[in-house]
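Have a look at the structure below, then the notes.
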Number of protein chains: 2
Amino acid sequence: MESQDLRKAGLKVTLPRLKVLEILETSDLRHMSAEDVYKALLEMGEEIGLATVYRVLTQFEGAGLVSRLSIDGGHAVFELEDGSHHDHLLCVRCNRIEEFIDDVIEQRQRAIAAEKGFEMTDHSLYIYGICRHCQKTK
Amino acid sequence: MESQDLRKAGLKVTLPRLKVLEILETSDLRHMSAEDVYKALLEMGEEIGLATVYRVLTQFEGAGLVSRLSIDGGHAVFELEDGSHHDHLLCVRCNRIEEFIDDVIEQRQRAIAAEKGFEMTDHSLYIYGICRHCQKTK
DNA sequence: ATATAAATGAAAAAGCTTCTCATTTACACC
DNA sequence: GGTGTAAATGAGAAGCTTTTTCATTTATAT
Ligand SMILES: [Mn+2]
Ligand SMILES: [Mn+2]
Ligand SMILES: [Zn+2]
Ligand SMILES: [Zn+2]
């Protein structure tokens with residue numbers, strides 16, 4: 001019954017929106033590209049256009065329902081917003097994504113912005129590396 | 001006489017390479033997109049193709065002569081490499097870029113990678129905000 | 001000077017994302 | 001339950017940055 005979430009966000013309750021939300025909620029993947037969502041919809045038998053998936057994800061972002069990560073090298077991935085900020089570790093071999101929060105870093109960032117006279121609006125932090133799993137694989 | 005830098009990097013000494021290097025060294029802008037470099041070359045009277053600018057910048061990156069920042073939202077900017085790692089603050093209004101280093105953050109990043117079993121290869125940190133100048137402008 | 005591997009320019013292609021516009025749909029109101 | 005209207009959708013075109021292709025030019029070793 002997430003129609004309420006959509007109404008609250010000022011969005012009409014439509015099938016594409018409900019289905020995209022459903023995919024995000026039920027997929028094993030916590031971080032999905034628009035293409036991932038699109039393919040999941042097809043597998044589910046829903047013929048929703050890729051342009052609509054992009055539109056809906058962007059609207060969800062605007063409504064605070066999802067957040068967008070802009071990964072190095074072009075494409076974006078989306079994840080359901082749960083209110084808690086966190087940053088990401090990315091495996092350069094297998095693209096695995098792990099999450100972390102570090103209060104020390106968060107605090108230092110605020111201090112740096114203040115030092116430089118910036119009114120901080122956002123930040124993005126990615127740690128790239130080779131994950132445990134891929135280190136074994138050679 | 002930076003022909004030596006090119007030879008050392010295993011690159012032939014060509015006019016496009018010398019001129020791109022010259023632009024990077026003499027421009028007021030410390031951070032330049034490929035397009036910025038391309039336009040600066042045109043203003044200088046050098047008709048060097050944009051594809052060549054991209055190629056040369058990418059080779060310079062490989063050779064460690066420049067580093068590439070992948071700014072949120074697509075396009076990259078390049079800066080001459082001076083051996084010292086630093087991160088960036090970006091003004092969302094005027095695109096001004098400021099630099100900083102924070103040893104506490106650097107150290108926390110290494111600790112987080114270790115905790116998660118990642119062999120860290122790189123990281124990218126951008127603080128977005130409104131710079132001092134733009135805060136006045138409203 | 002000559003040969004050859006590398007570099008260049010111009011245009012096409014790639015890859016992701018947004019836009020256009022004709023058609024369909026949600027929902028407020030009678 | 002119908003109706004009207006603004007909003008949403010689908011399909012394809014277009015946009016943007018960056019890379020690739022390939023014919024031609026150039027740097028450098030001999
Ligand atoms: Mn996440
Ligand atoms: Mn810099
Ligand atoms: Zn991995
Ligand atoms: Zn500014």
Side-chain angles (χ1 to χ4, degrees), chain A residues 1-23 31-42 44-63 65-78 95, chain B residues 1-23 31-42 44-63 65-78 95:
Chain A
M1 194 91 330
E2 54 273 294
S3 304
Q4 297 316 316
D5 297 323
L6 294 176
R7 290 214 176 77
K8 239 181 285 179
L11 300 170
K12 284 189 184 177
V13 178
T14 64
L15 192 132
R17 287 173 181 160
L18 287 170
K19 291 300 177 186
V20 169
L21 214 42
E22 185 180 336
I23 292 292
H31 302 91
M32 303 184 81
S33 68
E35 192 77 33
D36 288 338
V37 172
Y38 175 67
K39 284 179 184 153
L41 288 166
L42 287 184
M44 190 186 233
E46 300 292 343
E47 305 220 335
I48 293 171
L50 180 57
T52 298
V53 172
Y54 273 105
R55 262 188 303 239
V56 167
L57 287 170
T58 301
Q59 291 156 348
F60 284 4
E61 185 190 15
L65 295 173
V66 308
S67 52
R68 178 196 304 252
L69 314 195
S70 297
I71 306 286
D72 215 14
H75 73 121
V77 302
F78 300 82
N95 298 315
Chain B
M1 196 93 325
E2 54 273 294
S3 303
Q4 296 316 315
D5 297 325
L6 294 176
R7 290 215 176 77
K8 242 181 285 182
L11 299 170
K12 283 189 183 173
V13 178
T14 65
L15 191 133
R17 287 173 180 158
L18 287 171
K19 290 300 177 185
V20 169
L21 214 41
E22 184 180 337
I23 292 292
H31 302 91
M32 302 184 82
S33 67
E35 191 77 32
D36 288 337
V37 172
Y38 175 67
K39 283 179 185 155
L41 288 167
L42 287 185
M44 190 186 236
E46 300 293 341
E47 305 221 333
I48 293 171
L50 181 56
T52 298
V53 173
Y54 273 105
R55 265 187 302 239
V56 167
L57 288 170
T58 301
Q59 291 157 348
F60 284 3
E61 184 190 16
L65 296 174
V66 308
S67 53
R68 178 196 302 252
L69 315 195
S70 295
I71 305 287
D72 215 14
H75 73 122
V77 302
F78 299 83
N95 298 314

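Order of the sequence lines fixes the chain letters, A, B, ..., with proteins taken first and strands second; residue numbering starts at 1 for each chain.
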Measure the distance from [atom1] on [X] to [atom2] on [N] and round it to the nearest whole Å.
X: A/Glu61; N: C/dT17; atom1: CD; atom2: P; result: 12 Å
X: A/Gln59; N: C/dT18; atom1: CD; atom2: C1'; result: 13 Å
X: A/Tyr38; N: C/dT18; atom1: OH; atom2: P; result: 16 Å
X: A/Leu41; N: D/dG10; atom1: CG; atom2: C1'; result: 14 Å
X: B/Lys19; N: C/dT8; atom1: NZ; atom2: C1'; result: 16 Å
X: A/Met32; N: C/dC16; atom1: CE; atom2: C1'; result: 17 Å
X: A/Leu21; N: D/dA8; atom1: CG; atom2: C1'; result: 16 Å
X: A/Leu57; N: D/dA8; atom1: CG; atom2: P; result: 15 Å

Tell me, for nucleotides 17-30 of chain D in 5' to 3' order, what letter each nucleotide earns: B for a base near a protein heavy atom under 4.0 Å, S for only sugar-phosphate near one, - for neither? SBBBB-----BS--

Under 3.5 Å, is there a donor-acceptor pair between the side chain of B/Arg7 and the main chain of B/Lys12?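 Between the backbone of B/Lys12 and the side chain of B/Arg7 there is no qualifying donor-acceptor contact (under 3.5 Å).
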
Validation row: [X], [Y] side chains within 4.5 angstrom (heavy atoms):
X: A/Tyr54; Y: A/Val37; result: no
X: B/Tyr38; Y: B/Ile23; result: no
X: A/Asp36; Y: A/Val77; result: no
X: A/Phe78; Y: A/Leu69; result: no

For the helix from C/dA1-D/dT30 to C/dC30-D/dG1, what angle separates the axis at the start from the axis at the finish, each from five pairs, in steps of 10°?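 About 30° separates the two local helix axes.
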
Using distance alone, with no hydrogens and no angle criterion, decide if B/Thr58 and B/Arg55 have a side-chain donor and acceptor under 3.5 Å apart.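 No, no side-chain donor-acceptor pair sits under 3.5 Å.
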
Which residue in the set B/Thr14, B/Val56, B/Val66, B/Leu15 passes side chain to side chain contact (heavy atoms under 4.5 Å, CB included) when paired with B/Val20?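 Of the listed options, the one satisfying the test is B/Val56.
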
Value rounded to 0.5 Å, distance of CG in A/Leu57 from CE in A/Met32: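 Output value for this atom pair is 9.5 Å.
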
Could you tell me which residues satisfy salt bridge (charged side-chain N to carboxylate O under 4.0 Å, His left out) with A/Arg68, sequence neighbours excluded, listed by chain and number?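 Here the qualifying residues are A/Glu61.
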
